[in-house]
Amino acid sequence: MNDQSAGTCNISRRSFVLGAAATAVTMSVSGNAVEFAFAEGEVDTSKPIEKRHTFCDMCNQVPFCGLTAHVQDEHVVRIESRQPFATGPLCAKGLASIQELYDPERLLYPMRRTNAKGEAAEWERISWDEAYQEIAAQLNRVKAEEGAEKVMFYCGDPKEPRGPICRVASLFGSPTLGFESSLCATATQMCMRLVYGNNRQDFGVDPSDATNCCIIWSLNAAWSQPNRHLNFMKHKERGCKFIIVDPRITPTVTSLADIHLQPRPGTDGALALGFINLLIQEDLYDHDFVENWTHGFDELKELAAEYTPEKVEEITWVPAETLRAAVEMATQNTPTTLQSSSAGITHTTNAGHAQRAVFMIPALLGQVDVKGGLWFGLPALPIAGGATGRGTTAQFRMDKKLTSDEFKSRRPDKEDFPAWWTMNPHFQTAKLPEYVADGKITAAVLVGTNAMIWPHTSEYQEAIKNMDFSVAVDYYYRPWTHDYVDMILPAATCYERMAPFATFGRTVYFRDPVIQPLGEAREDWQIMLELGCALGFEEECFGGSVEGAIQSVLESGNVGITIDDLRAGKEEGVTIPGDKNVEKKYEIGKLAGTGEPGFATPSGKVEFVSEVLKKCGLEGRPVYEEPVHSPVTAEGEDKGYTLVLNSGGRLPYYTHSKLRDIPWLNQFMPEPIVRLHPKDAKERNIKTGDDVRLFNHLGEINVKAEVSNIVLPGVVDIFHGWHQANINELIPRDFDPVTGYPPFRAALCEVELA
């Protein structure tokens, strides 16, 4: 998607807004750049063109790809990949970001509802002062009458404002802090921590020049993170072996896999235990590491012994010989590393145990904290990771309060998801409808929130509607969420924001806004800080100053630099010196956080049996359970659904429900589709392009069919995020007891011609 041939794309479907005016434009694409030609009179072309830098936010802000904007007369007339920069080049989504900036559908003013919630919203424009006064009055009323914990502060996408949201929630006194990661990355991070402790790696470790074999378990970087995939390809070309585990035949599989393990969705736990069983039974594991640095090996050995290659084949559909070949490749080509993903395995009802079992494989191989293997990094900068909010220091976020048992004890998820409650400062939102119905949550601040993220979405829409008060912050009015709120505030895009800065290793990059926000849009940090001031915390929220907040982050992080230093070095970044990384830090007391040898787990060792889970009354071993498919109606009628419903995959041109209406991206997939294997399609007389009905006991949607061998027989694959065909309405609310995650990738359904 990065190598676009030169050409011109005429945008006829919509015009683009410049402040309060609108004008038709022509967009030209050439190489890795996009140029806008505005109508005559909109831009003073006699003025010079200035290059200004920012970071792209079109895919969850995680890559923070560098973006250079050419600005003339305070209009962005061209964008291109920033060079040199730590990440890039821009993908199709980044190149299309200029269309989002000038989209006439953007929300540009604070709006208050004038009709009943649940109906198609009618809005009246209000001032920012009116908005803040009303929000503060409503939230402080709830706090005084019912308790601060009844107010939910929630951050979806973008993740950038997590830091100030944490701060305001903490100051306000509410532990009911929610992130979209309660259905995304946190479960994988949590499972890694349950096995290895706080090791500073979330999902595994990418291959390095020392790696000879890489296991990629449920990650399709070719579509979700193309720049990262280019790095995988580099290692493939030098001879690194790749074992790819994925139910689909993705571009990552076809370009990288030496061995492809293709399990039935939801059975990764059985496959991982089969892998572990072969390592133990064939005496291929590292005896020294296992004996000295692991906890619960005998119990794991006993559990895994049930999962012979033949039994695994029966459960997962992966041929026994293919599994044997994968184990041989992983053991004969060390150093071996493993990389999983934010939410591949964990979107099943066996999520916690399955993901933990996968993460145990490097430990059995003895590939822990060694170059080329699962090598743990040094502690990140206390200001690092600004995209996720962990990039603001604990002092700024006021984490000590958020993580204290006394404060957390008022969270609504304590009894429902005890392991999640124990390990995370943000609450598990899975049972939001129940919490609203029970009066545990009565108001909400919803930043970048999408109701379609939740399974059986209509229940969550009803919950938001039934709150006493809710306010949303977004780029657009999105009916599937905002028809249920009382107020909506306009957010600034990445071209119009200052916070947060980006960090890569120990190098920090700062940005000033490329242009001033259009209309009355404001950046998320400013909105949250000004709301904090309105709630009575003016000093603690720096008078609403984003610069003041950034300076506080730097001071509390004690990194020895100021905002002036960052601004002076924003072209090349500011590098902060640090310690040199070493191997096997667990042997010399540099991993556990106590100064003693070992790991940051209750046992001080890699835990094959989790003491945290046992303390929470849960199973400590990584047991396998069949996916919960819910094939019956509420009345108990067996509907006989025969197809496994695998949803939640990424596309190279959309991010979840975002970007669906941007013309340059929409042309690639203008309508929702479901993929069926040729065998299943033939049995149902379905051809590519047919209108089909996809249904189960929870409901139905109408989509287009695509017949493809990318999926297994008996499995259908559908992309989420289409408001006109919301697949999450068909996902049952069956939650994994460890993580609270629903089975987005392992429900059941049927497909027939519409």
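For clarity, every value in this text was computed on a predicted model and none was experimentally measured. Heavy-atom basis, side chains included; hydrogens, waters and symmetry copies ignored.
- Contact annotation: the side chain of Glu607 approaches that of Pro602 to within less than 4.5 Å [non-hydrogen atoms, C-beta and beyond].
- A distance-only check finds a donor-acceptor pair linking the side chain of Ser610 to the backbone of Leu613 [under 3.5 Å].
- Nearest heavy-atom pair, Gly66 versus Leu90, reported as atom, atom and distance to 0.1 Å: O-CD2, 3.7 Å.
- Between Glu626 and Arg264 there is a salt bridge, with a side-chain nitrogen of the basic residue lying less than 4.0 Å from a carboxylate oxygen of the acidic one.
- Under the ring pair (Phe, Tyr, Trp, His ring centres under 6.0 Å) criterion, Tyr307 pairs with no residue, sequence neighbours left out.
- Take Asp288 and apply the side-chain contact (heavy atoms from CB on, under 4.5 Å) test, not counting sequence neighbours, and it matches Asp286, Asn292.
- Of the possible polar contacts, none joining the Thr346 side chain to the Ala351 backbone as a donor-acceptor pair under 3.5 Å is found.
- Ring geometry for Tyr586 against Phe289 counts as perpendicular: the plane angle is over 60°, on a 0 to 90° scale with 30° as the lower cut.
- In this view, Gln262 and Ile249, His260, Leu712 satisfy the side-chain contact (heavy atoms from CB on, under 4.5 Å) rule, not counting sequence neighbours.
- A donor-acceptor pair under 3.5 Å is formed between the side chain of Asn212 and the backbone N or O of Thr334.
- Listed by chain and number, the residues in a ring pair (Phe, Tyr, Trp, His ring centres under 6.0 Å) with Phe359 amount to none (sequence neighbours excluded).
- Between the side chain of Thr87 and the main chain of Phe64, a donor-acceptor pair closer than 3.5 Å is present.
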*Output, in order, the C-alpha distance, side-chain angles, deciding distance and verdict of side chain to side chain donor-acceptor pair (under 3.5 Å) for Ser342 and Thr188.*
CA-CA 6 Å; Ser342 59; Thr188 307; over 6 Å; no
*Go through the steps to decide whether Leu645 and Phe744 satisfy the test side chain to side chain contact (heavy atoms under 4.5 Å, CB included), and finish with yes or no.*
CA-CA 8 Å; Leu645 175 58; Phe744 290 124; over 6 Å; no
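- Salt bridge Asp369/Lys585: present, at least one basic N to carboxylate O contact under 4.0 Å.
- With a 6.0 Å radius and a threshold of 12 heavy atoms from other residues, nucleotides or ligands, Lys311 has its NZ atom above the threshold.
- Here the side chain of Thr316 pairs no donor or acceptor atom with the backbone of Leu271 at under 3.5 angstrom.
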_Show, in sequence, the C-alpha distance, side-chain angles and deciding distance for Phe203 and Met192, and conclude whether the side chain to side chain contact (heavy atoms under 4.5 Å, CB included) test is met._
CA-CA 7 Å; Phe203 313 131; Met192 175 67 90; over 6 Å; no
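- Here Gln332 pairs with Glu328 under the side-chain contact (heavy atoms from CB on, under 4.5 Å) rule; sequence neighbours left out.
- Applying the salt bridge (charged side-chain N to carboxylate O under 4.0 Å, His left out) criterion to Asp399, with sequence neighbours excluded, gives Arg397.
- Taking CD from Gln428 and OH from Tyr741, the interatomic distance works out to 6.5 Å, rounded to the nearest 0.5 Å.
- Within a 6.0 Å radius of CG in Asp579, no more than 12 heavy atoms belonging to other residues, nucleotides or ligands are found.
- Side-chain atoms of Thr337 come within 3.5 Å of backbone N or O of Gly373 as a donor-acceptor pair.
- Counting only distance, with no hydrogens or angles, the side chain of Thr322 and the backbone of Val318 share no donor-acceptor pair below 3.5 Å.
- Although no hydrogens or angles enter the test, the distance criterion places a donor-acceptor pair under 3.5 Å between the side chain of Ser341 and the main chain of Gly344.
- Applying the ring pair (Phe, Tyr, Trp, His ring centres under 6.0 Å) rule to Phe608 yields no partners; only residues at least two apart in sequence or on another chain are considered.
- Here Lys408 pairs with nothing under the salt bridge (charged side-chain N to carboxylate O under 4.0 Å, His left out) rule; sequence neighbours left out.
- Residues that satisfy the ring pair (Phe, Tyr, Trp, His ring centres under 6.0 Å) test with Trp454, not counting sequence neighbours, are Tyr154, Tyr460.
- Taking each heavy atom of Leu273 and Pro622 in turn, the nearest pair found is CD1-O, 3.5 Å.
- Within the cation-pi definition used here (under 6.0 Å to the ring centroid, within 45° of the axis), Lys605 does not qualify as a partner of Trp293.
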_Between Phe55 and Tyr509, is the ring pair (Phe, Tyr, Trp, His ring centres under 6.0 Å) condition met? List the steps._
CA-CA 9 Å; Phe55 325 121; Tyr509 289 89; 7.2 Å; no
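- Between Phe275 and Ile215, some side-chain heavy-atom pair lies under the 4.5 Å cut-off.
- Enclosure of atom CD in Glu314 is not indicated, since only 12 or fewer non-hydrogen atoms of other residues, nucleotides or ligands lie within 6.0 angstrom.
- Looking at Leu177 and Phe427, their side chains never come closer than 4.5 Å, going by heavy atoms from C-beta outward.
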*Check step by step if side chain to side chain donor-acceptor pair (under 3.5 Å) holds for Thr252 and Asn220.*
CA-CA 5 Å; Thr252 299; Asn220 181 21; 2.6 Å; yes
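- Atoms CD1 and CG, on Ile276 and Leu284 in that order, are 13.5 Å from each other to the nearest 0.5 Å.
- Of the possible donor and acceptor atoms, one in the side chain of Asp680 sits under 3.5 Å from a partner among the backbone N and O of Gly714.
- Side-chain contact between Val716 and Asn646: absent, with no pair of heavy atoms (C-beta onward) separated by less than 4.5 Å.
- Residues His426 and Trp421 keep their aromatic ring centres 6.0 Å or farther apart.
- Heavy-atom minimum distance, Asp736 versus Gly352: OD2-N, 3.0 Å.
- Legend: residues meeting salt bridge (charged side-chain N to carboxylate O under 4.0 Å, His left out) with Glu611, ordered by chain and number and at least two apart, are Lys614.
- Centroid-to-centroid, the aromatic rings of Phe504 and Phe85 come within less than 6.0 Å.
- Contact check for His229 versus Ser255: side-chain heavy atoms found under the 4.5 Å cut-off.
- With sequence neighbours excluded, no residue forms a salt bridge (charged side-chain N to carboxylate O under 4.0 Å, His left out) with Glu302.
- Taking the ring centroids of Tyr196 and Phe376, they lie under the 6.0 Å cut-off.
- Taking the centre of each ring, His656 and Tyr654 stay at or above the 6.0 Å mark.
- Looking at Glu282, Glu310, Glu313 one by one, the single match for salt bridge (charged side-chain N to carboxylate O under 4.0 Å, His left out) with Arg324 turns out to be Glu310.
- Arg745 places a side-chain N or O within donor-acceptor distance of the main-chain N or O of Gly648, the cut-off being under 3.5 Å.
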Scan the side chains in residues 231-243 for donor-acceptor partners under 3.5 Å anywhere in the protein, sequence neighbours excluded, and list what turns up.
unit_1: Asn231; atom_1: OD1; unit_2: Lys234; atom_2: NZ; d: 3.4
unit_1: His235; atom_1: ND1; unit_2: Arg238; atom_2: NE; d: 2.9
unit_1: His235; atom_1: ND1; unit_2: Arg238; atom_2: NH2; d: 3.3
unit_1: His235; atom_1: NE2; unit_2: Pro207; atom_2: O; d: 3.2
unit_1: Lys236; atom_1: NZ; unit_2: Leu256; atom_2: O; d: 3.0
unit_1: Lys236; atom_1: NZ; unit_2: Asp258; atom_2: OD1; d: 3.1
unit_1: Lys236; atom_1: NZ; unit_2: Asp258; atom_2: OD2; d: 3.0
unit_1: Arg238; atom_1: NH1; unit_2: Thr211; atom_2: O; d: 3.0
unit_1: Arg238; atom_1: NH2; unit_2: Ser208; atom_2: O; d: 2.6
unit_1: Arg238; atom_1: NH2; unit_2: Thr211; atom_2: O; d: 2.5

